[in-house]
There are 2 protein chains.
Amino acid sequence: MTTRTAAHRRVDGRDSYQARFTACPVNRLIDRIGDKWVAVLLNELAEGPRRYGDLTRTIAGASQKMLTETLRHLERDGLISRTVTPAVPVRVDYALTDLGRSLLPVIEVMKQWAEENIDQIDSAREAYDTRDR
Amino acid sequence: MTTRTAAHRRVDGRDSYQARFTACPVNRLIDRIGDKWVAVLLNELAEGPRRYGDLTRTIAGASQKMLTETLRHLERDGLISRTVTPAVPVRVDYALTDLGRSLLPVIEVMKQWAEENIDQIDSAREAYDTRDR
DNA sequence: CAGAATCCGGAAGGATACTG
DNA sequence: CAGTATCCTTCCGGATTCTG
């Protein structure tokens, strides 16, 4: 059987597509900063270094697990640093690295666009939801 | 019992936090473009209008469901337009709206940063994964 | 204090078949 | 051609408990 349906082509294309997808820098960046708590976290650390406890209080909406997980991911990617000060009790500080700081202007651009256009999105959304069906 | 543990405070803070979170334009933007296939889709439509069938072939990695879903979301937010040409068979074209086009430069900035810094992220990640434990 | 480990429900994402 | 509709699986995020 040499018949190739659309489904077949899709399956065949998936692997190579996945490769291209994850290789694409933009997608990788979005994968990273798309995590739910990354934006808030970076925003908070932009103000200066923070201790773990500070973050759990400031970002009260996130569970401990999510916070720790997000911090680990960002640390792994070199966007933030984690400094342990041996003492009793232990003290851990998180701060933006140079790489992390270089990302802030990018976020600022996103913020600009978002603030300027949020109204249009809202009204588009409302129009879509209330249109005749 | 008036004792307030950290967990209590977290729970209390969650609602108001959620409100602030979803009200923040940046988070809303990220919510939107963070969807797995949005970037590829916008990238494809940046080249010009495309028919539904074209997209299923070009973006072979996405399931039909995900493609349709993503298109609906973007249409709802007014970032793309959907034009039905009644004929036999039916013809449907998708294209960027002005709003959608205005988002391209923002993505371009993200792309720039991503391409410039992807190596640093990769090496940071490798260092993190291979460090002594 | 700063987390690690575990369990769990629900949503996200995908495969497949059917329709105007 | 351009989608729905349906079913199924994975995995994200949260609650809770334990540890150095």
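Since the structure is predicted, the reported quantities are computational estimates derived from the model, not experimental observations. All chains are named by letter (A, B, ...) in the order of the sequence lines, taking the proteins before the strands, and each is independently numbered beginning at 1.
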Novice: Just to confirm, is there a sub-4.0 Å distance from OP1 or OP2 of D/dT4 to any side-chain nitrogen or oxygen of B/Y52?
Specialist: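 The answer is no; no side-chain N or O of B/Y52 sits under 4.0 Å from OP1 or OP2.
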Novice: What nucleotide, of C/dG14, C/dC1, D/dG3, holds the atom closest to the side chain of A/R51?
Specialist: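 That would be C/dC1.
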Novice: Is the shortest side-chain N/O distance from B/W37 to OP1 or OP2 of C/dG14 below 4.0 Å?
Specialist: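 Yes, because at least one side-chain N or O of B/W37 sits under 4.0 Å from OP1 or OP2 of C/dG14.
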Novice: Side-chain N or O of B/R72 less than 4.0 angstrom from OP1 or OP2 on D/dT4?
Specialist: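 Looking at the OP1 and OP2 atoms of D/dT4, one of them is under 4.0 Å from a side-chain N or O of B/R72.
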Novice: Start at the 5' end of DNA chain D and walk down; is the nucleotide closest to B/D54 or to B/K65 reached first?
Specialist: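 Going by which nucleotide is closer to the 5' end, it is B/D54.
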Novice: Looking at C/dA2, I'd like to know if its phosphate oxygens (OP1 or OP2) sit under 4.0 Å from a side-chain N or O belonging to A/R82.
Specialist: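 So the side-chain polar atoms of A/R82 never come under 4.0 Å of the phosphate oxygens OP1 or OP2 of C/dA2.
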Novice: Which one, D/dA2, C/dA15, C/dA4, comes nearest to the side chain of B/S63?
Specialist: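 Among the listed nucleotides, the one closest to the side chain of B/S63 is C/dA15.
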Novice: Think B/R91 has a side-chain N or O under 4.0 angstrom from the OP1 or OP2 of D/dA2?
Specialist: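 No, no such contact exists.
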Novice: Ignoring hydrogens and geometry beyond distance, is the side chain of A/Q64 in donor-acceptor contact with the base of C/dG3 at under 3.5 Å?
Specialist: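 When only heavy-atom distances are counted, A/Q64 does reach the base of C/dG3 through a donor-acceptor pair under 3.5 Å.
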Novice: Take A/R28 and B/D122, measure what side chain to side chain contact (heavy atoms under 4.5 Å, CB included) needs, and give me the verdict at the end.
Specialist: CA-CA 11 Å; A/R28 295 189 50 189; B/D122 279 339; 2.7 Å; yes
Novice: Could you walk me through whether B/L41 and B/I80 satisfy the side chain to side chain contact (heavy atoms under 4.5 Å, CB included) test, starting with their C-alpha distance in whole Å, then the side-chain angles of each, then the deciding distance to 0.1 Å, before giving a yes or no?
Specialist: CA-CA 10 Å; B/L41 208 41; B/I80 65 174; 5.8 Å; no
Novice: Step by step, would you call B/I33 with B/M110 a side chain to side chain contact (heavy atoms under 4.5 Å, CB included)?
Specialist: CA-CA 12 Å; B/I33 68 174; B/M110 295 173 58; 4.2 Å; yes
Novice: Can you figure out which of C/dG3, D/dG13, D/dG3 approaches the side chain of A/T68 most closely?
Specialist: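 Closest nucleotide to the A/T68 side chain: C/dG3.
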